[in-house]
Amino acid sequence: MTIRTAIVGYGNLGRSVEENIRNQPDMELVGIFSRRAELDTDTPVYPVADIDSYRDSVDVLFLCLGSATDIPEQATAFAASFSTVDTYDNHKKIPAHYEAMDEAAADNGNVAIVSTGWDPGLFSLNRTIASSIFPTSQQNTFWGKGVSQGHSDALRRIDGVKKAVQYTIPREDAIEAARGGHGADVTGHGAHLRQCWVVADESEHDRIREEIVTMPDYFVGYEVEVHFISQEDFARDHQGLPHGGHVITSGTLGGTTNAVEFSLALESNPDFTAAVQVAYGRAAYRLKDAGLTGAFSVLEVPPYLLAPESLEELLTRDV
Ligand SMILES: NC(=O)C1=CN([C@@H]2O[C@H](COP(=O)(O)OP(=O)(O)OC[C@H]3O[C@@H](n4cnc5c(N)ncnc54)[C@H](OP(=O)(O)O)[C@@H]3O)[C@@H](O)[C@H]2O)C=CC1
Ligand SMILES: N[C@@H](CCCC(=O)C(=O)O)C(=O)O
């Protein structure tokens, strides 16, 4: 059995999904759908406007679009025609995204796995598992230092921005406080600096800075630095896409203090995010094959469905 996959949107994440699928034993890549006519790839490229004519030749469509504007505007139309897997990461709006994808997918007999990746994604799973272990717990999430693709995409959607990247920088003292069980006063907003490096014409700097610091969900409430630099400096200093972070949970059980920490250290945020997304693609295929439809979050997908191995093999190897 070969799962016939396709990609919509060919940026950092789309390129990493393409490369990842090449190494999957049970998947093939039918093509890439893009708004742009020409892409630098050997994979067949099709106009996204024609995507519906490929309904019968694609089992799972990977949505590799930006979360700031693309996914809210386009994702439900894709879910009406295909089983999909996305990495939508605007946390406040995930419940509404889930509901919209559920309706679009269920009405058309498809599966939509939403908000995979690592945060949301593997961090979400860990937050739920760790907090379920304790009757009461203290839980803190830290990101970085690294490139948030979601925040960088949001910067690039501002008119006049030619290039942009956003580094999320956590306060080390806040991480240590959480590890010591003293994270109660640590908030996500207070524990991170959002550092933006932007290329734009000088006449636009003031307006762009204002749009960044007032952007809801992404920047409001955080300490934000905005640095305008030249194309040359951007090309020299801001090509890497590392990231990572920690979910730290602690609680007391019968008078003893116990802690759980889940950490990621990623040399490439898109390569890792793509790897998670592709594994959930296998699950999407299997859920649909089992007759299920509608939206699923990572909390609702049994982990064995992610693996190419059989449940019997996993019981022997991993349990
Ligand atoms: N859940 C998680 O853990 C994570 C989630 N993400 C999510 O992934 C999303 C995508 O990130 P990323 O791939 O870095 O975003 P990009 O900005 O690289 O790509 C987003 C879209 O922009 C278009 N695009 C890309 N490059 C160009 C270009 N040179 N010129 C014009 N258009 C271009 C592509 O669409 P088209 O081909 O149609 O032009 C693409 O799908 C983020 O918004 C984030 O939300 C990322 C990391 C972790
Ligand atoms: N969704 C993030 C991954 C989690 C890190 C994060 O949320 C941040 O740096 O703000 C991303 O787009 O890179």
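Whatever order the structure lists ligands and atoms in, that order sets their numbers, starting from 1. Here the structure is a predicted model, which is why all the values come from computation and not from measurement.
For ligand 2, one of its N or O atoms has an N or O atom of Gly150 under 3.5 Å away. Inclusion of His243 in the set of residues having an N or O under 3.5 Å from an N or O of ligand 2 is warranted. For a threshold of 3.5 Å applied to N or O pairs, the pair formed by Trp118 and ligand 2 contains no separation below that value. Below 3.5 Å of separation, one finds an N or O of Arg194 facing an N or O of ligand 2.
Annotation: atom 17 (O) of ligand 1 to nearest protein heavy atom, Arg156 NH2, 2.8 Å. Protein heavy atom closest to atom 11 (C) of ligand 2, with residue, atom name and distance, is Gln149 N, 3.4 Å. Looking only at protein heavy atoms, the nearest one to atom 30 (N) of ligand 1 is Arg36 NH1, 3.7 Å. Counting only heavy atoms of the protein, atom 8 (C) of ligand 2 lies nearest to Thr168 OG1, 3.4 Å.
Comparing Asp89, Leu264, Leu13 against atom 1 (N) of ligand 2, the shortest heavy-atom distance belongs to Asp89.
When hydrophobic clusters are built by joining Ile, Leu, Val, Met, Phe, Trp and Tyr residues whose side-chain heavy atoms come closer than 4.5 Å, directly or via intermediates, Phe272 is grouped together with Ile21.
At a cut-off of 3.5 Å, with distance as the only test, a side-chain donor of Ser297 or Glu300 sits close to an acceptor on the other residue. For the 3.5 Å distance criterion, the side chains of Glu18 and Thr43 qualify, holding a donor opposite an acceptor.
Against a heavy-atom cut-off of under 4.0 Å, Asp119 is close to the following atoms of ligand 2: 1 (N), 2 (C), 3 (C), 4 (C). Here is the list of ligand 2 atoms found below 4.0 Å of a heavy atom in His151: 10 (O). Heavy-atom contacts of Thr87 reach the following atoms of ligand 1: 1 (N), 5 (C), 6 (N), 7 (C), 8 (O) (cutoff under 4.0 Å).
Taking the six-membered ring where tryptophan is involved, the planes of Phe33 and Tyr46 are tilted, since the angle between them lies from 30° to 60°.
Contact annotation: for Asn269 versus ligand 2, heavy atoms closer than 4.0 Å belong to the side chain alone.
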